[in-house]
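Reading through the structure tokens given below for one structure.
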Amino acid sequence: MTNMIELLHQADPDEWMYPIYVPTYSRAGTAPLLNMLNQAPEYIQEKVYIVARASESKAYHRAYPWATVVEQRVPWGIGPARMVAVQHADEMGFERIVMLDDDITKVGLLEDRSIDGQVKSGRYSHKNTPWEGWEFTLQCLALGCRMADAVFELAGDVAYGSTRSAFMSNGEDVSVTATIDKGGFPLCVLFMDLTRFKMRTMPPAFKYEGEDLAMYLDTYDRGYSTFLFNTLIFDDDRAIPSTIPFSGDGEVDRSGNLTDAEERYVVLGDYLKATNRNPETGAVKRITVDWRRYHKDNGTSPTQVLTEDVVGFIEEAM
């Protein structure tokens, strides 16, 4: 049977790639992802929609004349920017999109490196392909779109999902393509089905930070679920300064996000927990869902979408 690596080599970015939305702020000419896309073929560039503040639209037009710039007006913030993206996609008639942070540098695929029964995974190198690094990223992103098609079909209540960070992704079981109702929030590279993802307005409390949390919890309140890819990963530029004005005294503090989310969202609000705090200030640095307690209380369990089923779906569609 064909495996995912073989499918990567057969991927057709022209046909498989979703419309690409990139919310961005104050990085015209310096956004790593958009600068990489400067090299992309025209058929990919025509799929790119940059969401930028109206006051910066000319700068983004000059820096990336091949892309469509979608203007964001008040309210500002990354949360409303994401809502501008999905609203614009609605107007364009797109059913599915991929939304990427502007600091993404790579998208890649994991391969099985298990030894003596110990599950291990590693990054499949673009050096094993005929592509340059940027071409390899586009090939993996296009495959990710087709993988997402399979997950949406095989798990009928999934509204959106994402890649996982390449950081500490060496222990993934690549016989599973995606996991549902387990782990963290989808972020950074989002594959979205806009007929199922219903959120179109970002609550003011989450407009500058915590929009990932609000999108996640809103989705579950509406009766849908989310997924994380086991096999698809991203890298971002961690050296680039953040453009998000975090709360707290000079540090990230998501205490307000946690309180607001617990009060606002019904399905998972009671299952939120802080997993990383500053021991000196008490600042909440990371929030997650206590899925173990949720599944115990509700008699449910996480769902795994098997790679063999995803490969079979993609092969059948080719």
In the structure I gave you, are the side-chain heavy atoms of [X] and [Y] within less than 4.5 Å of one another anywhere?
{"X": "Glu56", "Y": "Tyr25", "result": "yes"}
{"X": "Tyr265", "Y": "Leu272", "result": "no"}
{"X": "Tyr64", "Y": "Val48", "result": "no"}
{"X": "Thr163", "Y": "Cys188", "result": "no"}
{"X": "Thr105", "Y": "Met36", "result": "no"}
{"X": "Val189", "Y": "Asp101", "result": "no"}
{"X": "Asp260", "Y": "Arg254", "result": "no"}
{"X": "Val311", "Y": "Thr177", "result": "no"}

Backbone N or O of [Y] within a donor-acceptor pair of the [X] side chain at under 3.5 Å?
{"X": "Ser57", "Y": "Ala54", "answer": "yes"}
{"X": "Arg277", "Y": "Gly282", "answer": "yes"}
{"X": "Ser162", "Y": "Leu187", "answer": "yes"}
{"X": "Thr259", "Y": "Ser255", "answer": "yes"}
{"X": "Lys58", "Y": "Ser55", "answer": "no"}

Below 30° counts as parallel, above 60° as perpendicular, anything between as tilted: where do the rings of Tyr49 and His88 land? tilted
Check the orientation of Phe136 and Tyr124. Use parallel for under 30°, tilted for 30 to 60°, and perpendicular for over 60°. tilted
Between Gly29 and Asn35, which heavy-atom pair has the shortest distance, and what is it? O-ND2, 3.2 Å
Rounded at 0.5 Å granularity, tell me how far [atom1] in [X] sits from [atom2] in [Y].
{"X": "Leu232", "Y": "Met147", "atom1": "CG", "atom2": "CE", "answer": "5.0 Å"}
{"X": "Ile20", "Y": "Thr68", "atom1": "CD1", "atom2": "OG1", "answer": "11.5 Å"}
{"X": "Lys198", "Y": "Thr219", "atom1": "NZ", "atom2": "OG1", "answer": "11.0 Å"}
{"X": "Glu308", "Y": "Asn3", "atom1": "CD", "atom2": "CG", "answer": "12.5 Å"}

Give a yes or no on whether [X] and [Y] share a hydrophobic cluster (residues Ile, Leu, Val, Met, Phe, Trp, Tyr; joining criterion: side-chain heavy atoms under 4.5 Å apart).
{"X": "Val310", "Y": "Val174", "result": "no"}
{"X": "Met92", "Y": "Tyr160", "result": "yes"}
{"X": "Leu217", "Y": "Ile287", "result": "yes"}

Are Asp290 and Arg292 close enough for a salt bridge, meaning some N to O gap below 4.0 Å? no
Do NZ/NE/NH1/NH2 and the carboxylate oxygens of Asp235 and Arg123 come within less than 4.0 Å? yes
Would you say the ring centers of His126 and Trp134 fall short of 6.0 Å from each other? no
Would you tell me whether Asp181 and Tyr294 have side-chain atoms, one donor and one acceptor, within less than 3.5 Å of each other? no
Val305 and its side chain to side chain contact (heavy atoms under 4.5 Å, CB included) partner, picked from Val176, Leu154, Thr179: Leu154
Answer yes or no on whether Arg264 is positioned over the face of Phe206, meaning its NZ or CZ is under 6.0 Å from the six-membered ring centre and within 45° of the axis. no
